[in-house]
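Take a look at the structure below.
As a basis for the values below, the full set of heavy atoms in this structure was taken, side chains included, without hydrogen atoms, waters or symmetry mates. One-based numbering along the sequence shown.
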Amino acid sequence: MVAAPIRMPQGVAGAVCAGFHTSPALPDRTLEWLAESHAALAALCLEEPTGFRRLLAAALVDGLTGCLNYSRLRETLDEEINRSRRHGRELSCCFIDLDDFKRINELYGHPGGNRVLRVVGRALMSAVRSCDYVGRYGGDEFVVVLPESDAAHAARLGRRLQARIEQATADLAGEEVTASVGISQWHPEWSGDELLARADGALATAKERGRAVAVADVG
């Protein structure tokens, strides 16, 4: 057995204990460290529950935009693909890229660019359904995962998102902020990487057309 006290400012509040059916392969010091780490987390939960929730949220959310971070976005996409595969349901995604965002950074510096990204993230999250997921893919790119949605629905949403971005940033940057959107509908044989690659390819087409919404071919 291994145990560690739960230490609070006012004293010991309890203990974390673990027993084993067979002798663990880990060294005693490693087991002690694991118990002490869990005891410290337990103390944080007891002392400041909201702080612990913020700590958990920080592992899932992009600190600048409030959207899902890249790691959590990919996990969510894989989860939704597995769910869609099990239940035979549709799934689509929007790949969104801000047009000529480098110009915003050059004109207003990175603080100005960050303000735009923050507003765009909030605008996207406010424009989708409660069952949808908005994640920051990286830089000025965002991905919206749309459970139980076909490409036509995703394309309509993509156009609404373009308008929402332009409205939300109209008085912010001093320059017009627009976005291009690539749409892809999931095929049962595809992985998350394939779905994103198809949407990214459609995004390239949308940019070539100029501030457009383009839909990837399923074939």
Just wondering, are more than 12 heavy atoms of other shown residues or ligands nearer than 6.0 Å to CZ in R122? no
Considering non-hydrogen atoms only, spot the tightest contact between I165 and L124 and give its length. CD1-CD2, 4.0 Å
What's the shortest heavy-atom distance between L161 and A127, and which atoms? CD2-CB, 3.6 Å
Decide yes or no for T65 and V134: does some side-chain heavy atom of the first lie under 4.5 Å from some side-chain heavy atom of the second? no
Give me each pair satisfying side-chain hydrogen bond (donor to acceptor under 3.5 Å, both in side chains) with a member in residues 156-166, each pair once, sequence neighbours excluded. S126-R164
Crowded around R72 CZ? As in, over 12 foreign heavy atoms under 6.0 Å? yes
Please list all pairs meeting salt bridge (Lys or Arg N to Asp or Glu O under 4.0 Å) that have one or both residues in residues 179-193, counting only residues at least two apart or in different chains. R74-D193
Partners of S180 by side-chain contact (heavy atoms from CB on, under 4.5 Å), sequence neighbours excluded? D99, L203, A206, K207
With a 4.5 Å cut-off on side-chain heavy atoms, are L195 and C93 touching? yes
Would you be so kind as to tabulate the donor-acceptor pairs closer than 3.5 Å made by side chains of residues 142-153, with sequence neighbours excluded?
{"from": "E148", "atom 1": "OE2", "to": "R89", "atom 2": "NH1", "distance (Å)": "3.2"}
{"from": "S149", "atom 1": "OG", "to": "R129", "atom 2": "NH2", "distance (Å)": "2.9"}
{"from": "S149", "atom 1": "OG", "to": "P147", "atom 2": "O", "distance (Å)": "3.1"}
{"from": "D150", "atom 1": "OD1", "to": "A152", "atom 2": "N", "distance (Å)": "3.3"}
{"from": "D150", "atom 1": "OD1", "to": "H153", "atom 2": "N", "distance (Å)": "2.9"}

Would you compute the distance between atom CG of L157 and atom SG of C94 and round it to the nearest 0.5 angstrom? 5.0 Å
Can you name the salt bridge (charged side-chain N to carboxylate O under 4.0 Å, His left out) partners of E90, sequence neighbours left out? none
Between E194 and R198, does the salt bridge (Lys or Arg N to Asp or Glu O under 4.0 Å) criterion hold? Intermediate values first, please. CA-CA 6 Å; E194 181 69 13; R198 296 297 183 108; 2.6 Å; yes
Can you name the residues that form a side-chain contact (heavy atoms from CB on, under 4.5 Å) with A18, not counting sequence neighbours? V2, F20
Closest heavy-atom contact between I183 and V181? CD1-CG1, 3.7 Å
Contact list for residues 196-216, test ring-ring contact (aromatic ring centres under 6.0 Å, His included), sequence neighbours left out: none
How long is the span from the OG1 atom in T178 to the CZ atom in R211, to the nearest 0.5 Å? 4.0 Å
Please collect all salt bridge (Lys or Arg N to Asp or Glu O under 4.0 Å) contacts where either partner lies in residues 35-45, sequence neighbours excluded, each pair once. R29-E36
If you take all heavy atoms of A202 and A214, which pair is closest and at what distance? O-CB, 3.2 Å
Write out all pairs satisfying ring-ring contact (aromatic ring centres under 6.0 Å, His included) with one or both partners inside residues 62-86, taking only residues at least two apart or from two chains. Y70-Y137
Those residues at least two apart in sequence (or on a different chain) that pass salt bridge (charged side-chain N to carboxylate O under 4.0 Å, His left out) with D100 are R103
Between CZ on residue R118 and CG on residue L64, distance to nearest 0.5 Å: 5.0 Å
Rounding to 0.5 Å, atoms CD (E80) and OH (Y133) come to a distance of 4.5 Å
Can you name the closest pair of heavy atoms from C67 and G121 and give their distance? SG-CA, 3.7 Å
More than 12 heavy atoms of other residues, nucleotides or ligands under 6.0 Å from NE2 of H87: yes or no? yes
Working to the nearest 0.5 angstrom, can you tell me the gap between Q185 CD and W190 CH2? 8.5 Å
Let me know which of L117, N105, V120, V116 forms a side chain to side chain contact (heavy atoms under 4.5 Å, CB included) with D140. L117
Point-to-point distance, once rounded to the nearest 0.5 Å, from CD of E75 to CG of L60: 7.5 Å
Nearest heavy-atom pair of A168 and V119: which atoms, and what distance? O-CG1, 3.5 Å
Give the cluster check for L107 versus F101: same hydrophobic cluster or not, with ILVMFWY residues linked at side-chain heavy-atom distances below 4.5 Å. yes
Which residues satisfy the side chain to side chain donor-acceptor pair (under 3.5 Å) test with S184, sequence neighbours excluded? none
Is a side-chain donor or acceptor of R85 paired with a backbone partner of G88 at a separation under 3.5 angstrom? no
Sequence neighbours left out, what passes salt bridge (charged side-chain N to carboxylate O under 4.0 Å, His left out) with D200? Give chain and number order. none
